[in-house]
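In what follows, a structure is listed as structure tokens, so that the remarks can point back to it.
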2 protein chains.
Amino acid sequence: MPVTIYDIAEGADVSIATVSRAFNGHPRVSETTRERVFAVARALGYEPHASAQSLARQNTQLISAVVPIMTSAFFMEVLRGIQDRLDESHYDLVVYASRTLDSIGGQLSRAVQRGRADGMLLISTPITDARVRQILAARQPVVLVDAYHDDIDSVTVDNRRGGAVATRHLLARGHERIGLLLPVEGSGPSDQRRAGYEDALREAGIEVDEDLILHAMWDHVHHGYTRYAGYQGMRELMGRFEGRDDGPTAVFAAADVLAYGALRAGREAGYRAPRDIDVIGFDDIEPSAYAGLSTVRQPMYEMGKMATELLMRRLGNPASPAQHTVFAPDLVVRESSGGSAEKLV
Amino acid sequence: MPVTIYDIAEGADVSIATVSRAFNGHPRVSETTRERVFAVARALGYEPHASAQSLARQNTQLISAVVPIMTSAFFMEVLRGIQDRLDESHYDLVVYASRTLDSIGGQLSRAVQRGRADGMLLISTPITDARVRQILAARQPVVLVDAYHDDIDSVTVDNRRGGAVATRHLLARGHERIGLLLPVEGSGPSDQRRAGYEDALREAGIEVDEDLILHAMWDHVHHGYTRYAGYQGMRELMGRFEGRDDGPTAVFAAADVLAYGALRAGREAGYRAPRDIDVIGFDDIEPSAYAGLSTVRQPMYEMGKMATELLMRRLGNPASPAQHTVFAPDLVVRESSGGSAEKLV
DNA sequence: GTGAAAGCGCTAACAG
DNA sequence: CTGTTAGCGCTTTCAC
């Protein structure tokens, strides 16, 4: 039978209140009783019951993270950051990983259940009005990562600037016909990346050509954030310029996974990057280093850490106005756009 | 103020017991009152309080997973399997990711706290006697993944056979001097992989040469499971045969990350795989496909799923004898040992 | 400094 | 079919 404060109260000949105080470091417990309590507790192998504490204290010491699992490589890095910050706290992490972007609503509902967690981290979760209501109704502190809403704390990378950085790199390499591969329409971050792409082109005095821009129409459940979507997207893009001489000489894929698929489609068509076509992605997930993919890096670890930091603060101060942290993206040049391959592996 | 069963009992003009019964699908509640209860609950936006339920029911509907975060790529795949199985249940997942293999004890302690979770998944966690005691004392169902102990359910891959498979592949490619790169000594899985390596050599009538075998002495906190350890290990190995002509013509790295480092060290020394040296790893984590690394694949997704399945069963039947599931490893030939590179990306 | 007692919100006998 | 009541294990006033 598990041992409770009653057992140790009896053993130490004090009341359960004193045991509780002793364990919670309450100042007004005499040194001698405190020691006696601890001695008995140790002898009996006592451990406070988490659920009972949660109920009495009205908090769980749990924070939850909701994440679409197809962003796994991205999430792992963010998770490292979360974990590092959490290690300094007394919070544990419960993970709600949804298989598709649409089932994420269900995971969210579980995560916001009363008494489940004290706060919530939403990673790469598209924020619809319905979800905002759900979140607000839960009266739980929330921090968004890689997503944005005016009224909710968020940590993002400057996607627009990132899009521009990627595009400028390609422009600097002499390209003027630059394809843009996007996930399905309506994703906040990728809309921004597109805006950056257009910014850079206009800067360079180049007109935006819709023929060069393509939204994935595949893998809708993953909102087009898959290798397959990139593969099909690239084929489609190449198909548009079949037999013409004004096809793209470079491609900016708005996510690394899209770039992987694009590289493959290009390869199948006989194009090698960067010999025949330059390719750059966005994210810099782990495999990209091995694939030699040029990309725009999001500081995922830092984003996770910062998001957790913000959440910890908000836990202590729920009323303060929403805070938005924006990280700067970094250009990472690898062989897919002419960089040296020597840094690989 | 959050709404409780008392509020909805009052609103529906029944007792709290009836509300509780209605929500728990108890058969003996009349259809009419049930509907009335639900109506009021919906109107008031009632949601049961998780902690209160946990305390009263003496279970949390939470299962925990303890994992060393440096096995992240491995873990992500396992996590997918866990999540898929969990989606069919009413359990949520709390993740204890430790930064080093040594701090895993602390995470374990948090995970086993009374009232925290109903069961536990230990991923790639070395099982010492002290930990076994800790686990047993917690009286929590536990399933090990990628780790083994007689008295605890486990899901593993046949590491010995995997080691033999990798080695035989190299032997079949004509190699007779095969280097073996291992993490620090004493890791269960890698000891088995080494045993398989020796099995294969003996089968082929080749004597085991200790000079060809090397334990990482770097990155002790990660028990040598890092790229850096592989890098240094490979340099050390090459150093041993400096100026001799009996150096290894192939290397079996007991983990993919070690292989990455080894490839790099080889490259720096002017060796390219597979032109000058064959390299094969173990695990088949995601980047390996991009790196073109031949490897022995562990079915990580299936292992996660199976482990969760076993845990669910044990939750219902705590007393049954420990069950050990062993998966067969798969050889995956890629360009680092002569396979076609066309499948990359 | 310590104890008594009233919750925290829900479940589960036990009655009826 | 439904209500009463006693917990689940711990925290926290409020007294002394």
Side-chain angles (χ1 to χ4, degrees), chain A residues 1-38 40-41 44-62 90 112-118 138-140, chain B residues 1-38 40-41 44-62 90 112-118 138-140:
Chain A
M1 206 62 320
V3 14
T4 73
I5 41 173
Y6 287 89
D7 301 319
I8 109 154
E10 195 178 323
D13 202 34
V14 292
S15 74
I16 59 164
T18 299
V19 177
S20 176
R21 291 195 191 98
F23 267 90
N24 292 300
H26 192 104
R28 283 191 298 212
V29 179
S30 78
E31 199 46 50
T32 56
T33 55
R34 185 190 303 282
E35 277 169 12
R36 198 147 34 91
V37 166
F38 285 160
V40 177
L44 268 46
Y46 169 76
E47 227 180 337
H49 187 105
S51 300
Q53 286 186 318
S54 297
L55 182 57
R57 292 181 176 152
Q58 296 288 72
N59 71 32
T60 59
Q61 300 293 67
L62 245 32
H90 289 289
V112 299
Q113 194 200 347
R114 218 155 39 94
R116 236 331 167 216
D118 298 339
R139 313 198 156 288
Q140 240 183 78
Chain B
M1 206 61 320
V3 15
T4 73
I5 40 172
Y6 286 89
D7 301 317
I8 110 152
E10 195 178 323
D13 202 35
V14 291
S15 74
I16 60 163
T18 300
V19 177
S20 176
R21 289 194 193 99
F23 267 90
N24 291 299
H26 194 104
R28 283 192 296 211
V29 179
S30 79
E31 198 48 46
T32 55
T33 56
R34 184 188 305 281
E35 279 169 11
R36 197 148 33 91
V37 165
F38 284 160
V40 177
L44 269 48
Y46 169 77
E47 226 181 339
H49 188 105
S51 301
Q53 286 186 316
S54 296
L55 183 57
R57 290 182 177 149
Q58 294 288 74
N59 70 33
T60 59
Q61 300 292 66
L62 244 33
H90 289 287
V112 300
Q113 194 200 348
R114 221 156 37 94
R116 237 330 167 214
D118 298 339
R139 312 200 156 288
Q140 238 184 77

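Sequence lines set the chain letters: A, B, ... in the order given, protein chains first and strands last, and positions in each chain run from 1.
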Problem - Whole angstrom value for the distance that separates P of dT4(D) from CD1 of I5(B) - result: 13 Å

Problem - OP1 or OP2 of dT2(D) under 4.0 Å from side-chain N/O of S30(B) - result: yes

Problem - Contact nearer the 5' end of DNA chain C, comparing F23(B) with R21(A) - result: R21(A)

Handout entry: R36(B) side-chain N/O to A12(B) backbone N/O, donor-acceptor pair under 3.5 Å
Key = yes

Handout entry: side-chain N/O S15(B) vs dT2(D) OP1/OP2, d < 4.0 Å
Key = no

Return a table of donor-acceptor pairs under 3.5 angstrom between the side chains of residues 14-21 of chain A and protein atoms on other chains or two or more places apart.
{"residue": "S15(A)", "atom": "OG", "partner": "A17(A)", "partner atom": "N", "Å": "3.3"}
{"residue": "S15(A)", "atom": "OG", "partner": "T18(A)", "partner atom": "N", "Å": "3.4"}
{"residue": "S15(A)", "atom": "OG", "partner": "T18(A)", "partner atom": "OG1", "Å": "3.4"}
{"residue": "S20(A)", "atom": "OG", "partner": "N24(A)", "partner atom": "ND2", "Å": "3.3"}

Exercise for the section: To the nearest Å, give me how far apart CG (N24(A)) and P (dG9(D)) are. Expected result: 17 Å

Practice task
Give a yes/no answer on whether the side chain of Q58(B) brings an N or O atom under 4.0 Å of OP1 or OP2 in dG9(D).
Solution key: yes

Problem - Non-hydrogen side-chain atoms of N59(B) and S54(B) separated by less than 4.5 Å - result: no

Problem - Side-chain N,O (Y46(A)) to OP1/OP2 (dC10(D)) below 4.0 Å - result: yes

Practice task
Look at R114(B) and dC8(D) and indicate whether a side-chain polar atom (N or O) is within less than 4.0 Å of OP1 or OP2.
Solution key: no

Exercise for the section: Starting from P on dT2(D), measure out to CZ on R36(B) and report it in whole angstrom. Expected result: 8 Å

Problem - Atom-pair distance (CD on Q61(B); P on dC10(C)), nearest Å - result: 15 Å

Fill in the blank from the handout: Rounded to whole Å, the CD1-C1' distance (I16(A) to dA6(C)) equals 11 Å

Exercise for the section: Please tell me which of the listed nucleotides, dG3(D), dG3(C), dT2(D), lies nearest to the side chain of A17(B)? Expected result: dG3(D)

Handout entry: D118(A) side-chain N/O to Q61(A) backbone N/O, donor-acceptor pair under 3.5 Å
Key = yes

Exercise for the section: Just compare dC10(D), dT2(C), dG9(D) and give me whichever is closest to any side-chain atom of P48(A). Expected result: dC10(D)

Practice task
May I ask you to say what R57(A) touches in the nucleic acid, namely base, sugar-phosphate or nothing, with a heavy-atom cut-off under 4.0 Å?
Solution key: sugar-phosphate

Practice task
Look at all strands and tell whether T33(A) reaches a base, only sugar-phosphate, or nothing, counting heavy atoms closer than 4.0 Å.
Solution key: sugar-phosphate

Exercise for the section: Using only heavy-atom distances, determine whether the side chains of S30(A) and T33(A) contain a donor-acceptor pair under 3.5 Å. Expected result: yes

Exercise for the section: Take atom NE2 of H49(A) and atom P of dT11(D), then tell me their distance rounded to the nearest Å. Expected result: 12 Å

Practice task
Would you indicate, yes or no, if dG9(C) has its OP1 or OP2 atom less than 4.0 angstrom from a side-chain nitrogen or oxygen of T4(B)?
Solution key: no

Handout entry: S20(A) vs dT11(D): side-chain N/O to OP1/OP2 distance below 4.0 Å
Key = yes

Problem - Length of the line joining H26(B):NE2 and dA13(C):P, which is rounded to integer Å - result: 10 Å

Practice task
Indicate, with a heavy-atom threshold strictly under 4.0 Å, whether S54(A) touches base, sugar-phosphate, or nothing.
Solution key: nothing

Problem - Side chain proximity check, F23(B) to I5(B), heavy atoms < 4.5 angstrom - result: no

Practice task
With heavy atoms under 4.0 Å as the rule, sort V14(B) into base, sugar-phosphate or nothing.
Solution key: sugar-phosphate

Exercise for the section: Rounded to the nearest angstrom, tell me the gap between atom CD in E10(B) and atom P in dG9(C). Expected result: 15 Å

Exercise for the section: Respond yes when some side-chain nitrogen or oxygen of Q53(B) is under 4.0 Å from OP1 or OP2 of dT11(C), and no when none is. Expected result: yes

